[in-house]
2 protein chains.
Amino acid sequence: MHSTELLKGTLQTIILKILADHGKMYGYEITQRVKELSAGTILLTEGALYPTLHKMEAEGLLRTETEAIGKRIRKYYSLTPVGKNIVEDKVSEFIAFIKTMSTVLNVAIA
Amino acid sequence: MHSTELLKGTLQTIILKILADHGKMYGYEITQRVKELSAGTILLTEGALYPTLHKMEAEGLLRTETEAIGKRIRKYYSLTPVGKNIVEDKVSEFIAFIKTMSTVLNVAIA
DNA sequence: CATAATACCTAATTCTCTTATGCATAAGAC
DNA sequence: GTCTTATGCATAAGAGAATTAGGTATTATG
């Protein structure tokens, strides 16, 4: 498990990019996908994920559609046009940040 | 100016590595060095820096020596043996985090 | 049939940083 | 010569994003 401090500020970027790559997904599925992609080192907590998803929906970045699986409900999230527009900006911002940090820390990334 | 959210959790790593590379430095000097290395995109605020330096000193990672420059006082910080020991751990942790993130975000870094 | 996994959610707290403020000396502009 | 900027330290109140802890309920597994 990575130091969770570093993860701060990356949650929205992760959500946006994963939805951009994979299409519609539900909350629990996002946690599992991130866990899998990160080899178990990034464990999104529900207390952080769900409020963030709701916030992003309220901001018009995501939209939802509900699906009933038996008696259980799944709430699928997908990108709105606005959301699609900012994905690359967010990813680019992250990459720029990494490059700056590698200079400041005087280390090679990659 | 980078999104400051991403910066969270990196302050201690920055301080440790900069002191490791440059030897003793005082607070204001650290802010200027980081500003310079980051081409003005990372501006450490005093409200974050000073309390963090004090905390790291209290934790035994840094030690201080005061120097009078005219009537002004400079407080130089340098790494203790304990501090030196954890610098590479912190940097490695950051690099590992970056690699994980590049996989999760499905992007190439560098 | 009990436990783990799936699936959603909110509230209280914690932690880190920003913003605002304060004090004081030194240098440069005009 | 005085006014602004830069240097240099520091703390306190507040914001923001996460963790921790709690709640509800269905489905699969051993």
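Proteins get letters first, then strands, A, B, ... in listed order; numbering begins at 1 in each.
Counting only residues at least two apart or on different chains, the side-chain hydrogen bond (donor to acceptor under 3.5 Å, both in side chains) pairs with a member in residues 24-33 of chain B are B/His22-B/Arg33, B/Tyr26-B/Arg74.
An OP1 or OP2 oxygen of C/dT16 is reached within less than 4.0 angstrom by a side-chain nitrogen or oxygen of B/Lys55. Not one side-chain nitrogen or oxygen of A/Thr45 sits closer than 4.0 Å to the OP1 or OP2 atom of D/dA18.
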Summarise protein proximity over nucleotides 2-10 of chain D in one line of letters, 5' to 3': B for base, S for sugar-phosphate only, - for none, counting protein heavy atoms closer than 4.0 Å.
----SBSBB
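Across the protein-nucleic acid pair, B/Leu7 atom CG and D/dA15 atom C1' stand 16 Å apart, rounded to whole Å. One can place CZ of A/Arg33 at 14 Å from P of C/dT6, the figure rounded to the nearest angstrom. Note: NZ (B/Lys8) to P (D/dT19) measures 12 Å, nearest angstrom. Computed from coordinates, the A/Leu6 CG to C/dC17 P distance equals 11 Å when rounded to whole Å. B/Lys71 has its NZ atom 7 Å from the P atom of C/dT25, to the nearest Å. Whole-Å rounding puts the A/Leu49 CG to D/dA17 C1' distance at 13 Å.
B/Asp89 is linked by a salt bridge (charged side-chain N to carboxylate O under 4.0 Å, His left out) to nothing, counting only residues two or more places apart in sequence or in another chain. With sequence neighbours excluded, the residues satisfying side-chain contact (heavy atoms from CB on, under 4.5 Å) with B/Glu88 are B/Lys17, B/Val91. In this view, B/Arg72 satisfies the side-chain hydrogen bond (donor to acceptor under 3.5 Å, both in side chains) rule with no residue, not counting sequence neighbours.
Rounding to the nearest 0.5 angstrom, the gap separating the OG atom in A/Ser102 from the CG atom in B/Leu37 is 10.5 Å.
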Can you list, pair by pair, the side-chain donor-acceptor contacts under 3.5 Å of residues 44-57 of chain B, counting residues two or more places apart and other chains?
from	atom 1	to	atom 2	distance (Å)
B/Thr52	OG1	B/Ala48	O	2.8
B/His54	ND1	B/Tyr50	O	3.3
B/Glu57	OE2	B/Thr64	OG1	3.0

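Counting only heavy atoms from C-beta on, B/Glu5 has its side chain closest to D/dA17 among D/dA18, D/dA17, C/dT18.
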